[in-house]
Undergrad: 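This is the structure I want to talk about, given as structure tokens.
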Amino acid sequence: LPRISPDGRFATVTVREDDPDVWVIDLTRKTLTRLTTERGEDESAVWSADSTRVTFASTRDGRRETLWKPADGSGPEQVLFASPRHHHLAGWSPDGELLLTEDGMPTGWDLMTASMKTKEVKPLLEDRFSKEGAQISPDGRWLAYSSNESGRAEIYVRGFFGQGGRTSVSSDGGTEAR
């Protein structure tokens with residue numbers, strides 16, 4: 001899934017060959033540059049709010065971690081969080097304090113938040129249904145995601161921190177809400 005930077009100048013993609021890596025596309029120059037080079041699986045990259053860093057999920061040598069790196073490749077990777085499970089990144093809150101992740105559980109995918117202040121990872125939405133393709137609204141108030149609770153994937157919207165109920169906004173299936 002390509003992710004466009006907030007400033008609209010770049011996008012990230014995961015190139016999946018024998019060693020998945022994150023690449024940055026310069027949309028103006030139409031060039032492609034490899035951002036990650038370490039052996040292992042690097043994927044589901046998301047942009048920082050200021051478009052200067054790329055955050056990605058990584059599985060290397062049995063370690064599952066969330067890392068970030070300057071988008072221009074000018075500095076080293078930095079580990080933000082370790083994870084006991086396979087996970088995908090959904091995006092940052094607009095203030096850059098919370099990272100929304102999709103963590104693989106035995107029943108499917110649950111939504112979690114990772115705090116930059118406390119370094120804690122906490123459940124946001126967890127139940128027996130799979131929740132994927134999540135997106136935080138630009139103002140940080142809303143959360144859109146896909147859930148299979150109806151028997152097929154549908155898009156739901158709710159307050160990011162659970163205020164109020166959820167509303168189904170699709171009627172014939174849906175994934176990857178944006």
Side-chain angles (χ1 to χ4, degrees), residues 1-6 8 11-16 20-23 40-49 51 53-59 63-68 80-178:
L1 175 69
R3 301 280 176 90
I4 297 175
S5 63
T12 58
V13 294
T14 299
V15 176
R16 294 191 173 279
D21 279 309
V22 174
W23 292 68
E41 182 178 14
D42 299 324
E43 62 179 350
S44 74
V46 295
W47 289 90
S48 61
S51 299
R53 293 183 176 271
V54 174
T55 311
F56 56 96
S58 180
T59 303
R63 294 183 326 274
R64 293 183 174 115
E65 299 172 319
T66 298
L67 299 98
W68 71 357
L80 298 180
F81 306 98
S83 177
R85 296 171 294 282
H86 187 80
H87 64 290
H88 296 151
L89 306 185
W92 285 99
S93 60
D95 63 6
E97 292 298 322
L98 293 175
L99 178 63
L100 181 64
T101 69
E102 301 165 358
D103 282 31
M105 304 299 226
T107 59
W109 295 90
D110 283 340
L111 300 181
M112 314 289 275
T113 58
S115 168
M116 286 297 287
K117 283 183 182 176
T118 65
K119 301 299 183 192
E120 289 182 281
V121 178
K122 294 182 179 179
L124 179 66
L125 284 177
E126 61 179 350
D127 54 34
R128 63 188 182 99
F129 303 108
S130 193
K131 293 151 295 298
E132 301 178 61
Q135 178 77 40
I136 303 168
S137 66
D139 65 5
R141 292 184 54 217
W142 304 100
L143 175 67
Y145 61 96
S146 173
S147 173
N148 65 353
E149 69 184 78
S150 71
R152 69 172 175 211
E154 296 286 356
I155 301 295
Y156 296 86
V157 175
R158 58 171 261 159
F160 181 45
F161 290 104
Q163 57 276 49
R166 70 186 186 299
T167 301
S168 176
V169 296
S170 63
S171 60
D172 197 23
T175 61
E176 301 298 334
R178 294 291 173 262

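No experiment lies behind these values; they were computed from the predicted model shown. In this chain, numbering begins with 1 at the start of the sequence shown.
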Undergrad: Residues two or more places apart in sequence or in another chain: which of them pass salt bridge (Lys or Arg N to Asp or Glu O under 4.0 Å) with Arg141?
TA: none
Undergrad: Rounded at 0.5 Å granularity, tell me how far CD in Gln135 sits from CZ in Arg178.
TA: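 Spacing of CD (Gln135) from CZ (Arg178) equals 4.5 Å.
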Undergrad: Evaluate the side-chain contact (heavy atoms from CB on, under 4.5 Å) criterion for residues Phe81 and Glu65: first the C-alpha distance (whole Å), next the side-chain angles of each, then the deciding distance (0.1 Å), finally the verdict.
TA: CA-CA 6 Å; Phe81 306 98; Glu65 299 172 319; over 6 Å; no
Undergrad: Under 3.5 Å, is there a donor-acceptor pair between the side chain of Thr101 and the main chain of Asp103?
TA: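 No, Thr101 side chain to Asp103 backbone: no donor-acceptor pair under 3.5 Å.
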Undergrad: So do Trp92 and Met116 actually touch side chain to side chain, heavy atoms under 4.5 Å?
TA: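 Yes. Closest side-chain heavy atoms under 4.5 Å.
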Undergrad: Take Met112 and Glu120 through the side-chain contact (heavy atoms from CB on, under 4.5 Å) test and state the conclusion after the steps.
TA: CA-CA 10 Å; Met112 314 289 275; Glu120 289 182 281; over 6 Å; no
Undergrad: Step by step, work out the side-chain contact (heavy atoms from CB on, under 4.5 Å) result for Thr55 and Leu67.
TA: CA-CA 6 Å; Thr55 311; Leu67 299 98; over 6 Å; no
Undergrad: Is it true that a side-chain atom of Glu132 and a backbone atom of Glu102 form a donor plus acceptor pair closer than 3.5 Å?
TA: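 Checking the backbone N and O of Glu102 against the side chain of Glu132, no donor-acceptor pair under 3.5 Å is found.
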Undergrad: Rounded to the nearest 0.5 Å, how far does CG of Leu125 lie from OH of Tyr145?
TA: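 If I round to the nearest 0.5 Å, the distance is 5.0 Å.
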Undergrad: Nearest 0.5 Å, what's the CG-CG distance between Leu111 and Leu100?
TA: 5.5 Å
Undergrad: Does any non-hydrogen side-chain atom of Leu99 lie less than 4.5 Å from one of Leu89?
TA: yes
Undergrad: May I ask you to test the Val46-Val54 pair for a side-chain heavy-atom distance under 4.5 Å?
TA: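 In short, these two side chains do not touch, never coming nearer than 4.5 Å.
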Undergrad: Any chance you could measure Trp47, atom CH2, to Ile4, atom CD1, to the nearest 0.5 Å?
TA: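 It comes to 10.5 Å.
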Undergrad: What are the two closest non-hydrogen atoms of Asp95 and Ser93, and how far apart are they?
TA: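 Shortest heavy-atom contact: OD1-OG, 2.6 Å.
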Undergrad: Taking atom NZ of Lys117 as the centre, report whether more than 12 heavy atoms of other residues, nucleotides or ligands fall under 6.0 Å from it.
TA: no
Undergrad: Hey, could you give me the CG/CZ distance between Leu143 and Arg166, rounded to the nearest 0.5 Å?
TA: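 The CZ atom of Arg166 is 12.0 Å from CG of Leu143, to the nearest 0.5 Å.
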Undergrad: Going by heavy atoms in the side chains, are Lys122 and Leu124 under 4.5 Å from each other?
TA: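 Contact flag for Lys122/Leu124 side chains = no.
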Undergrad: Any side-chain to backbone donor/acceptor pair from Ser48 onto Arg53? Under 3.5 Å, distance only.
TA: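 Pair found, side chain donor or acceptor close to backbone of Arg53.
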Undergrad: For residues Asp42 and Ser58, is any side-chain donor paired with an opposing acceptor at under 3.5 Å?
TA: yes
Undergrad: Mind listing the closest non-hydrogen atom pair of Pro138 and Pro94 along with its distance?
TA: O-CG, 3.1 Å
Undergrad: Between the side chain of Glu126 and the main-chain N/O of Asp110, is any donor-acceptor distance below 3.5 Å?
TA: no
Undergrad: Does any N or O in the side chain of Ser170 come within less than 3.5 Å of the main-chain N or O of Asp172, such that one atom is a donor and the other an acceptor?
TA: no
Undergrad: Other residues, nucleotides and ligands only: do more than 12 of their heavy atoms fall within 6.0 Å of CZ on Arg63?
TA: yes
Undergrad: Tell me whether Ser130 contacts the main-chain N or O of Gly108 through its side chain, where contact means a donor paired with an acceptor under 3.5 Å.
TA: no
Undergrad: Side chain of Ser115, backbone of Leu98: donor and acceptor closer than 3.5 Å?
TA: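 Absent.
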Undergrad: Tell me whether Lys131 contacts the main-chain N or O of Phe129 through its side chain, where contact means a donor paired with an acceptor under 3.5 Å.
TA: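 Pair found, side chain donor or acceptor close to backbone of Phe129.
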Undergrad: Aromatic ring centroids of His87 and Trp109 under 6.0 Å?
TA: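 Aromatic pair excluded; centres sit 6.0 Å or further apart.
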Undergrad: How long is the gap from OH on Tyr156 to OG on Ser147, to the nearest 0.5 Å?
TA: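 These two atoms lie 5.5 Å from each other.
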Undergrad: Could you tell me if the side chain of Arg158 sits less than 4.5 Å from the side chain of Thr167, heavy atoms only?
TA: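 No. Closest side-chain heavy atoms not under 4.5 Å.
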Undergrad: Ion pair present between Glu43 and Arg16, side-chain N to carboxylate O less than 4.0 angstrom?
TA: yes
Undergrad: Return the minimal non-hydrogen interatomic distance between Pro6 and Ser51, and the atom names on each side.
TA: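 Heavy atoms of Pro6 and Ser51 come nearest at CD-OG, 3.1 Å.
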